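Everything below concerns the one structure shown next.
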Amino acid sequence: MRILLLEDDQDMRDYLARGLKELGHHVVVEGEGKAALARTLAEAFDILVLDRMVPGLDGLTVLKLARNAGCQSPAIILSAMSGIEDRVAGLEGGADDYLIKPFAFAELAARLGALARRPPPGGRAEAQLMLCVGGIELDLIRRTVKRSGRIIDLQPREFSLLEYLLRNPDRLVTRTMLLDRVWNFGFDPKTNIVETHMSRLRTKLNEGGAENLIRTIRGSGYMIVSSAS
């Protein structure tokens, strides 16, 4: 899973990040609330792990603002505030779980696994199996892509590239994000691999004169828009 970890204590942050990475997760770490909120609004995460007491915006405020902006990623609050009223405030503030410090890493891992097994919001498992934006339909089970009913044959990497764009409609997706999520690169290979695949993807999607829904944001990255108008 792709996990956002907000924790201001460096030792704890390093410990949790290392443990989660050893379990095979991709972990993005932040030590301050405003930076974590910006990440949450700009990128897609499978789960948010938020320490409640951090500098700037506290973890619960970060979560409330993210929920107000439409973020539906499952979230778990980490906190030494163990009172019933504290736990209730956390859950009512948008958290799916509340873990009291100190805790065993094995318990955090188990709770994250439980959150990952939950169906998507609304209880519709199929909600995550079909992505639709601007007449483009991507079926994650059949691994097929259609645009306005026309079947589009994509290579595996092109499919993954389109999937990531469709999961973030009308939002900036940077080149670094694509290298990380589509190619699993933790570095810049100094090639035009992203640009080449994006060009091929556009050509296939726009065949027959269809409007281009993938915009280049000069100097920043790309954005797939829900409407070309």
Side-chain angles (χ1 to χ4, degrees), residues 1-6 25-30 34-50 62-63 65-75 94 115-116 119-122 124-141 143-147 152 154-186 188 193-202 204-206 210-229:
M1 296 184 293
R2 182 173 170 82
I3 298 174
L4 173 69
L5 172 62
L6 170 61
H25 302 301
H26 179 92
V27 184
V28 174
V29 297
E30 292 291 350
K34 289 184 179 179
L37 178 61
R39 281 271 198 174
T40 302
L41 298 181
E43 303 179 32
F45 293 97
D46 298 304
I47 289 184
L48 311 177
V49 180
L50 308 173
V62 168
L63 181 57
L65 292 173
R67 292 287 189 245
N68 289 340
C71 175
Q72 296 184 330
S73 300
L115 288 179
R124 297 177 57 201
E126 69 273 19
Q128 295 298 311
L129 304 182
M130 180 73 75
L131 302 175
C132 303
V133 173
I136 300 173
E137 300 178 358
L138 184 146
D139 190 320
L140 292 166
I141 295 298
R143 306 292 291 180
T144 59
V145 175
K146 295 181 181 179
R147 182 169 188 185
I152 302 172
L154 298 182
Q155 296 298 314
R157 198 73 73 178
E158 295 166 350
F159 186 95
S160 297
L161 183 59
L162 179 60
E163 177 186 349
Y164 191 64
L165 290 170
L166 293 178
R167 288 188 183 277
N168 296 276
D170 300 311
R171 296 169 69 177
L172 171 65
V173 174
T174 68
R175 185 174 184 275
T176 299
M177 292 162 64
L178 292 173
L179 286 171
D180 177 55
R181 294 304 303 272
V182 178
W183 280 270
N184 295 317
F185 286 167
D188 189 341
I193 187 172
V194 174
E195 292 77 9
T196 298
H197 280 77
M198 189 68 73
S199 177
R200 292 173 181 169
L201 176 60
R202 278 175 166 153
K204 293 181 178 181
L205 289 176
N206 300 341
E211 292 182 282
N212 180 33
L213 296 182
I214 302 177
R215 304 288 172 79
T216 297
I217 310 301
R218 190 172 298 278
S220 299
Y222 303 91
M223 177 186 297
I224 191 164
V225 295
S226 52
S227 174
S229 60

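Note that the numbering runs from 1 along the sequence shown for the chain. All values reported here derive from a predicted model rather than from experimental measurement.
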Original post:
Roughly how far, to the nearest 0.5 Å, is the OG1 atom of Thr216 from the CE atom of Met198?
Top reply: 7.5 Å
Original post:
Taking it one step at a time, do Leu4 and Val49 satisfy side-chain contact (heavy atoms from CB on, under 4.5 Å)?
Top reply: CA-CA 6 Å; Leu4 173 69; Val49 180; over 6 Å; no
Original post:
Counting N and O atoms only, with roles assigned by atom type, does the side chain of Asp180 sit under 3.5 Å from a partner on the main chain of Thr176, one being a donor and the other an acceptor?
Top reply: no
Original post:
Above 12 or not: heavy atoms from other molecules or residues under 6.0 Å from NZ of Lys204?
Top reply: yes
Subject >> Separation of Thr144 OG1 from Leu138 CG (nearest 0.5 Å) >> reply: 7.0 Å
Subject >> Rounded distance [0.5 Å steps], CD1 in Ile224 versus CG in Leu213 >> reply: 5.5 Å
Original post:
What pair of heavy atoms forms the shortest contact from Phe45 to Ser73, and how long is it?
Top reply: O-OG, 2.7 Å
Original post:
Yes or no on side-chain hydrogen bond (donor to acceptor under 3.5 Å, both in side chains) for His197 and Arg157, after CA distance, side-chain angles and deciding distance?
Top reply: CA-CA 8 Å; His197 280 77; Arg157 198 73 73 178; 5.3 Å; no
Original post:
To the nearest 0.5 Å, what is the distance between CG (Leu115) and CD1 (Ile47)?
Top reply: 5.0 Å
Original post:
Step by step, would you call Ile193 with Leu179 a side-chain contact (heavy atoms from CB on, under 4.5 Å)?
Top reply: CA-CA 9 Å; Ile193 187 172; Leu179 286 171; 4.0 Å; yes
**OP:** Keeping the roles fixed (side chain from His25, backbone from Met1), state whether a donor-acceptor pair exists under 3.5 Å.
**Re:** yes
Subject >> Heavy-atom pair with the smallest gap, counting every atom of Ala210 and Arg147 >> reply: CB-NH1, 3.5 Å
Subject >> Minimum side-chain heavy-atom gap Met177-Asn168 below 4.5 Å >> reply: no
Original post:
At what distance, to the nearest 0.5 angstrom, does OG1 of Thr174 lie from CE of Met223?
Top reply: 11.5 Å
**OP:** Would you mind reporting whether Leu178 and Val173 have side-chain heavy atoms less than 4.5 Å apart?
**Re:** yes
Subject >> Shortest non-hydrogen contact between Glu137 and Cys132, atoms and distance >> reply: CG-SG, 3.9 Å
Subject >> Worked check of side-chain hydrogen bond (donor to acceptor under 3.5 Å, both in side chains) between His26 and Asp46 >> reply: CA-CA 10 Å; His26 179 92; Asp46 298 304; over 6 Å; no
**OP:** Verify side-chain contact (heavy atoms from CB on, under 4.5 Å) between Tyr222 and Val194, making sure each step is shown before the conclusion.
**Re:** CA-CA 10 Å; Tyr222 303 91; Val194 174; 3.9 Å; yes
Original post:
Quick one: which of Val182, Leu205, Val133, Leu131 gives a side-chain contact (heavy atoms from CB on, under 4.5 Å) with Leu162?
Top reply: Leu205
Original post:
Thr40 and Arg67: side-chain hydrogen bond (donor to acceptor under 3.5 Å, both in side chains), yes or no, with the steps?
Top reply: CA-CA 10 Å; Thr40 302; Arg67 292 287 189 245; over 6 Å; no
**OP:** Can you see which heavy atom on Phe159 is nearest to which on Asp139, and at what distance?
**Re:** CZ-O, 3.8 Å
Original post:
Quick one: are Val29 and Leu6 in side-chain contact, heavy atoms under 4.5 Å?
Top reply: no
Original post:
If every non-hydrogen atom of Glu195 is compared with every non-hydrogen atom of Arg175, which pair is closest and at what distance?
Top reply: OE2-NE, 3.1 Å
Original post:
Which is it for Arg39 and Glu30 under the salt bridge (charged side-chain N to carboxylate O under 4.0 Å, His left out) test, yes or no, and what are the steps along the way?
Top reply: CA-CA 9 Å; Arg39 281 271 198 174; Glu30 292 291 350; 3.1 Å; yes
**OP:** Working to the nearest 0.5 Å, report the span between CD of Glu158 and OG1 of Thr196.
**Re:** 11.0 Å
**OP:** Find out whether Leu140 and Met130 are in side-chain contact, i.e. whether some heavy atom of one side chain is under 4.5 Å from a heavy atom of the other.
**Re:** no
**OP:** Show the numbers, then the answer: is there a side-chain contact (heavy atoms from CB on, under 4.5 Å) between Ile136 and Lys146?
**Re:** CA-CA 6 Å; Ile136 300 173; Lys146 295 181 181 179; over 6 Å; no
**OP:** Of all the heavy-atom pairs spanning Leu41 and Ala69, show the shortest one and how long it is.
**Re:** CD2-CB, 3.5 Å
Original post:
Can Arg2 and Glu43 be counted as an ion pair, charged N to O under 4.0 angstrom?
Top reply: yes
